[in-house]
Amino acid sequence: MDDKVYTLTEAAERLRLTNRGVAKIARRHGLCMVTGRKLLFTERDIEAILDTMRAAPAEPRRASIRPPPSDYQKYKSLIELTRKKRRQK
């Protein structure tokens, strides 16, 4: 099995991300090899980073059905709209 090892810069170029962004994702999910301060990546690590970056499918929105306003609510809102506002000094 011939698994090439990439440096952080090479992995970032492949993923079209910044070095810092790749490092944060890789460290958070354990998708890299750490030697001192260097991060190294295999092909599988890069593919796993791509998988973690995929957006989760959005849940369908539930329809929000409101009952129509009651006569009392309409009356109160009309009174509020027609009420004269006081001038502020």
Side-chain angles (χ1 to χ4, degrees):
M1 184 160 114
D2 188 28
D3 223 8
K4 185 177 177 191
V5 177
Y6 298 93
T7 64
L8 176 60
T9 305
E10 291 170 338
E13 286 175 6
R14 252 185 99 219
L15 294 168
R16 296 182 183 179
L17 295 171
T18 62
N19 287 357
R20 182 183 171 117
V22 173
K24 282 177 74 172
I25 293 170
R27 285 179 189 266
R28 184 180 306 137
H29 297 284
L31 300 172
C32 62
M33 297 177 286
V34 180
T35 56
R37 292 179 65 182
K38 289 185 182 180
L39 298 180
L40 300 174
F41 302 87
T42 63
E43 192 69 40
R44 276 189 242 135
D45 292 333
I46 293 173
E47 288 174 16
I49 290 171
L50 284 172
D51 288 339
T52 61
M53 290 172 49
R54 289 194 195 290
E59 290 185 23
R61 289 186 167 199
R62 292 182 9 210
S64 60
I65 301 171
R66 286 190 192 173
S70 68
D71 289 339
Y72 178 75
Q73 290 171 328
K74 289 179 191 176
Y75 173 74
K76 281 297 211 180
S77 64
L78 285 174
I79 288 176
E80 193 64 37
L81 287 171
T82 57
R83 194 175 273 165
K84 204 171 195 181
K85 294 185 179 170
R86 292 184 175 183
R87 286 179 32 186
Q88 294 181 0
K89 294 182 180 181

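None of the values given here were measured: they were computed from a predicted structure. All values below come from the heavy atoms of this structure, side chains included, with hydrogens, waters and symmetry mates left out.
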Student check: side-chain heavy atoms of Met53 and Ile25 closer than 4.5 Å: yes
Residue pair Glu10 / Val5: nearest heavy atoms and the distance that separates them: OE1-O, 4.1 Å
What's the separation between atom OG1 in Thr52 and atom CD in Glu47, rounded to the nearest 0.5 Å? 12.0 Å
Are Leu40 and Leu15 joined in one hydrophobic group, where the rule is that I, L, V, M, F, W and Y side chains link up if heavy atoms are under 4.5 Å apart? no
Does the pair Glu80/Arg83 count as a salt bridge with the N-to-O cut at 4.0 Å? yes
Do Lys4 and Thr42 pass the side-chain contact (heavy atoms from CB on, under 4.5 Å) test, and can you show the C-alpha distance, the side-chain angles, and the key distance before you say yes or no? CA-CA 6 Å; Lys4 185 177 177 191; Thr42 63; over 6 Å; no
Residue pair Ile46 / Tyr6: nearest heavy atoms and the distance that separates them: CD1-CD1, 3.5 Å
For the backbone of Ala48 and the side chain of Asp51, can you confirm whether one donor and one acceptor N or O come within less than 3.5 Å of each other? no
Closest approach of Leu8 and Ala23, non-hydrogen atoms and distance? CD1-N, 4.0 Å
Kindly indicate whether the side chain of Thr7, heavy atoms from C-beta on, has any atom under 4.5 Å from the side chain of Phe41. no
Here the pair of heavy atoms bringing Arg27 nearest to Cys32 is N-SG, 4.4 Å
Which atoms form the tightest heavy-atom contact between Val22 and Ala12, and what is the distance? CG2-CA, 3.7 Å
Please find the pair of heavy atoms, one from Ser77 and one from Lys74, that lie closest to each other, and give the distance. OG-O, 2.9 Å
Is Arg14 salt-bridged to Glu43, cutoff N-O under 4.0 Å? yes
Any side-chain heavy-atom pair of Arg44 and Leu31 under 4.5 Å: no
